[in-house]
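First up is the structure itself, then whatever we jot down about it.
A, B, ... follow the sequence lines: proteins, then strands. Residue 1 opens every chain. All values below were derived from every heavy atom in this structure, side-chain atoms included, with hydrogens, water molecules and symmetry-related copies excluded.
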2 protein chains.
Amino acid sequence: MRSTSRTEAFPAHTPAASQIFTTVLSHGPLTRSEIAARTRLSAAAVTKAVRPLIEAGYLLEDVDEDARQPSLGRPANPVLVDGGRALFIGVKMTGDELIAVLTDLCCRIRVARHVPLTTHDPKAVLASTAALVQELLTEADGFGVRVQGLGIAVSGDVDRAAGVVRYSPFLEWRDVPLAELAAMTTGLPVTVDNDVRALTVAEQWFGAGVGLSDFAVVTVGAGIGCGLVVHGQVVSGAHGVAGEIGHVAIDPAGPLCHCGNRGCVEAIAADSAIVGKVREVTGVQVADAAAALDLAHEGDPGAREVYARAGEAIGRGIATVANLLGPERVIISGEGLAAYDLFAEQIRDAFAAAAFGSAARCDVQTRPLPFEEWARGAAATAIQSFIRSDTY
Amino acid sequence: MRSTSRTEAFPAHTPAASQIFTTVLSHGPLTRSEIAARTRLSAAAVTKAVRPLIEAGYLLEDVDEDARQPSLGRPANPVLVDGGRALFIGVKMTGDELIAVLTDLCCRIRVARHVPLTTHDPKAVLASTAALVQELLTEADGFGVRVQGLGIAVSGDVDRAAGVVRYSPFLEWRDVPLAELAAMTTGLPVTVDNDVRALTVAEQWFGAGVGLSDFAVVTVGAGIGCGLVVHGQVVSGAHGVAGEIGHVAIDPAGPLCHCGNRGCVEAIAADSAIVGKVREVTGVQVADAAAALDLAHEGDPGAREVYARAGEAIGRGIATVANLLGPERVIISGEGLAAYDLFAEQIRDAFAAAAFGSAARCDVQTRPLPFEEWARGAAATAIQSFIRSDTY
DNA sequence: GTCCCTTATTTTCTGCTGTCAATGAAAGAA
DNA sequence: TTCTTTCATTGACAGCAGAAAATAAGGGAC
């Protein structure tokens with residue numbers, strides 16, 4: 001993360017304060033005793049850590065008299081995060097567009113924008129980004145609150161700590177020091193991370209991964225990606241790459257993948273693989289994933305079979321993750337979920353069949369993924385950096 | 001872990017002391033400044049934490065004048081762990097024998113024993129274990145040092161925290177509170193863990209995993225197992241099961257596995273799978289894995305082909321782990337390594353082909369596995385519990 | 001041999017975090 | 001009104017770890 005001017009520091013200087021704030025952020029309004037129980041701190045520590053956060057305006061005492069349950073003893077006094085206290089911008093860079101959102105501290109989207117990208121040249125992309133960020137900063141002025149950070153999500157090999165995009169196939173970038181560059185052009189502290197990991201952070205703090213120490217996010221769409229949380233931390237891998245479920249090979253006799261192997265999950269279930277296979281099987285020259293989907297929804301048996309195969313591949317991939325890591329939950333998401341009705345059953349069946357023993361007890365969920373969600377993940381990484389900036 | 005009498009507490013009451021001791025334990029003799037650098041503590045903190053450990057006899061000042069490098073300034077004063085300060089017993093329970101070792105604090109084996117098991121009845125197994133432990137306790141008396149803990153490794157689903165064997169297929173046990181039972185019969189603090197995880201702990205603290213925050217141990221033999229370390233911690237999975245690389249399915253057209261699926265790594269590369277396939281291919285009714293290995297070593301092309309297939313399966317399984325977790329290193333071990341010359345090349349080739357991008361940078365090593373090694377892993381878990389007993 | 005330089009270790013002091021135990025606050029119940 | 005219950009706060013305190021300065025232990029220059 002690179003920091004410049006105009007942003008303030010988050011007043012959680014101790015591990016306890018940081019932990020408490022994160023707990024309240026994820027688990028909604030909590031009384032001080034509930035916080036103490038969850039964080040395993042003493043009530044006194046909570047009181048002391050909460051005060052400066054309230055004084056700084058990041059936490060609010062919830063004085064909602066109506067919602068109070070009549071009960072014995074002194075009424076509890078819940079605190080919650082004032083989402084409006086700070087704003088963040090998240091940008092998702094794809095090969096052909098930029099998606100940006102303005103979110104509050106609770107990662108609720110306030111404004112969303114997207115612009116097409118006509119070139120992959122880092123300078124030009126950076127200029128477009130700066131313009132888009134500027135637009136959102138102007139919007140933010142309307143809320144009267146400062147934007148405290150910018151998160152950027154890029155697919156590929158990204159080194160978050162260094163703020164460098166090591167290699168991005170879609171953008172054709174190598175070793176671009178994006179955080180530094182974007183910090184210079186926007187004047188904001190910048191966090192750069194891999195797109196799937198960013199989405200995973202959003203789920204971990206604000207989504208279906210709240211409170212879980214081990215879960216996985218699987219995204220289905222143009223590619224098949226996977227974000228992993230183990231021991232409560234997002235897995236980045238020793239070499240910056242992890243969660244490559246798309247290139248888990250499940251069938252040596254399967255179709256050739258662009259990575260050179262046969263039978264990768266991505267070679268069977270990614271959008272382009274499905275489109276190709278639908279064309280081959282049905283003879284209909286469907287233009288894109290949406291057209292292929294329409295054909296299947298119209299009842300074309302060949303197309304439906306292709307989706308069934310894709311579902312099976314995804315289910316087997318998820319089972320592999322479950323067998324190796326034993327997560328508590330797997331969250332399936334992504335644009336490809338539009339076809340969920342066509343392969344849900346196959347995913348579940350293949351998962352159930354291939355998951356070994358207790359691994360099958362893993363809860364497999366699906367979550368629709370609005371198009372701004374990737375950008376929201378980027379914003380979540382910015383929020384994370386903001387909250388931890390002093391502590392870690 | 002259950003604790004009774006006759007054992008002392010480890011005098012590392014602070015996280016810093018615990019971390020320092022573990023660092024010295026794993027990284028051999030270190031000077032105080034090296035310790036400070038590694039642990040990122042101040043030199044002052046190291047001095048203060050080291051003193052009580054030296055006073056208690058767990059650390060020694062290394063006064064080896066000869067080994068001292070002539071250099072400028074005050075000579076450094078390395079400290080090292082006094083392995084002889086405490087003894088531990090590790091027991092590996094298999095379906096047909098008990099293997100036990102007496103180790104010192106540095107997990108060096110002092111004495112090893114094994115006895116056959118004739119029944120799986122928990123009471124009888126426990127009695128045999130108690131007798132074996134008693135034998136080693138007698139041996140330990142000869143060293144004049146107390147045994148401070150007992151570690152037991154069992155294959156299957158084991159809840160270390162609760163000390164309960166949830167399910168062990170080979171022993172046909174369900175929900176056996178082994179730690180409690182063994183603590184009662186032996187009078188020692190007992191740690192029970194899954195066998196592969198125990199081996200992984202041994203590698204993490206005393207083997208090829210020292211200093212790595214992300215690595216995997218893959219065992220090849222009667223089964224194919226995998227222990228994972230992510231973020232410096234052994235992965236147990238939300239439901240107590242993780243690392244089931246043996247049931248990662250790599251070929252839907254592969255042989256049927258006892259788990260009901262086709263093409264599991266274990267159905268191709270486990271001892272019994274290899275023996276079965278060698279019989280089928282060569283027509284020779286080899287009696288066991290050793291006989292199959294002999295046949296292949298004699299040059300029988302059919303048998304060699306079976307081993308090549310097994311190597312390929314293992315390599316693909318490892319690549320799957322690497323793709324998902326991006327470990328820094330994979331350590332291949334196990335009794336099956338006797339055939340290493342027959343499938344090493346295939347493992348490497350299959351791994352290299354199926355590993356995606358940076359995941360291929362993962363260092364794949366092999367380590368011979370003496371038969372007492374499983375029991376040593378159990379002892380390592382006991383050492384871990386002993387050192388952490390007060391702190392965690 | 002003495003002095004100086006360098007590096008390692010220890011000492012002393014200090015700040016700060018989180019716990020403990022006692023106290024205050026706000027309700028319903030007797 | 002007073003008691004009980006539960007939640008929250010306060011102030012004293014213990015303990016950890018860091019900073020800076022002091023001390024230790026060599027080698028080398030003179």
Side-chain angles (χ1 to χ4, degrees), chain A residues 9-24 27 29-55 59-80 388 390-392, chain B residues 9-24 27 29-55 59-80 388 390-392:
Chain A
F10 184 71
H13 303 279
T14 83
S18 192
Q19 197 193 353
I20 288 171
F21 188 78
T22 309
T23 305
V24 178
H27 295 88
L30 288 175
T31 70
R32 289 172 175 76
S33 5
E34 287 167 336
I35 297 173
R38 271 190 199 278
T39 58
R40 300 189 173 194
L41 291 166
S42 67
V46 174
T47 291
K48 273 182 280 196
V50 162
R51 193 185 346 260
L53 289 170
I54 287 181
E55 277 167 9
L59 291 181
L60 295 175
E61 300 241 35
D62 184 7
V63 280
D64 184 356
E65 306 287 344
D66 311 328
R68 196 165 276 172
Q69 302 287 329
S71 77
L72 224 55
R74 174 176 172 172
N77 217 351
V79 293
L80 49 80
R388 291 185 175 167
D390 285 335
T391 324
Y392 293 66
Chain B
F10 184 71
H13 303 279
T14 83
S18 193
Q19 197 193 354
I20 288 171
F21 188 79
T22 309
T23 304
V24 178
H27 294 87
L30 288 175
T31 70
R32 289 173 176 76
S33 355
E34 286 167 336
I35 297 173
R38 272 192 198 278
T39 58
R40 300 187 172 194
L41 290 165
S42 67
V46 174
T47 291
K48 273 180 286 192
V50 163
R51 196 187 339 263
L53 289 170
I54 288 182
E55 278 167 9
L59 291 181
L60 295 174
E61 300 240 38
D62 185 8
V63 281
D64 184 357
E65 305 288 343
D66 312 328
R68 196 165 277 173
Q69 301 286 330
S71 77
L72 229 53
R74 174 177 172 171
N77 217 350
V79 294
L80 49 79
R388 291 184 174 169
D390 286 334
T391 324
Y392 294 66

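Summarising the geometry, the separation between CD on B:Glu61 and C1' on D:dA25 is reported as 14 Å, rounded to the nearest angstrom. At whole-Å resolution of the value, CG in B:Leu41 and P in C:dT10 are 15 Å apart. When the C1' atom of D:dG18 is taken as reference, atom CD1 of B:Ile20 falls 13 Å away, rounded to whole Å. For the pair A:Leu30 CG and D:dA8 C1', the interatomic distance rounds to 15 Å; values are reported in whole Å.
For C:dT19, neither phosphate oxygen OP1 nor OP2 lies less than 4.0 angstrom from any side-chain nitrogen or oxygen of A:Arg40. One finds no side-chain N or O of B:Arg32 lying less than 4.0 angstrom from the OP1 or OP2 phosphate oxygen of C:dT7.
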Would you check, one step at a time, whether the test side-chain contact (heavy atoms from CB on, under 4.5 Å) holds for A:Leu53 with A:Val79? CA-CA 10 Å; A:Leu53 289 170; A:Val79 293; over 6 Å; no

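In the set D:dT10, C:dA8, C:dT10, C:dT10 carries the atom at the smallest distance from any side-chain atom of B:Ala43. Each of D:dT10, D:dA8, C:dT9 was ranked by its minimum atom distance to the side chain of A:Ala44; first place goes to D:dT10. Picking from D:dG18, C:dT19, C:dT11 the nucleotide with the shortest atom distance to the side chain of B:Ser42 gives D:dG18.
Across all strands shown, B:Ser33 has heavy atoms under 4.0 Å from sugar-phosphate atoms exclusively, and none from any base. Using a 4.0 Å heavy-atom criterion, one finds that B:Ala45 contacts the sugar-phosphate atoms exclusively.
The only member of B:Ile20, B:Ile35, B:Thr39 that meets side-chain contact (heavy atoms from CB on, under 4.5 Å) when paired with B:Leu30 is B:Ile35.
Rounded to 10 degrees, the angle separating the terminal axes of the helix from C:dG1-D:dC30 to C:dA30-D:dT1 is 20°, with each axis obtained from five end pairs.
The shortest heavy-atom contact between B:Pro78 and B:Pro29 is CB-CB, 4.2 Å.
In this structure, CG on B:Asn77 lies 9.0 Å from OG1 on B:Thr31, to the nearest 0.5 angstrom. Atoms CG and NZ, on B:Leu41 and B:Lys48 in that order, are 11.0 Å from each other to the nearest 0.5 Å. Taking CD of B:Glu34 as the start and OG1 of B:Thr23 as the end, the distance is 11.5 Å to the nearest 0.5 Å.
A:Thr47 pairs by the side-chain contact (heavy atoms from CB on, under 4.5 Å) definition with A:Arg32, A:Arg51, not counting sequence neighbours.
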Using a cut-off of under 3.5 Å, enumerate the N/O to N/O pairs linking the protein to nucleotides 12-16 of chain D.
none

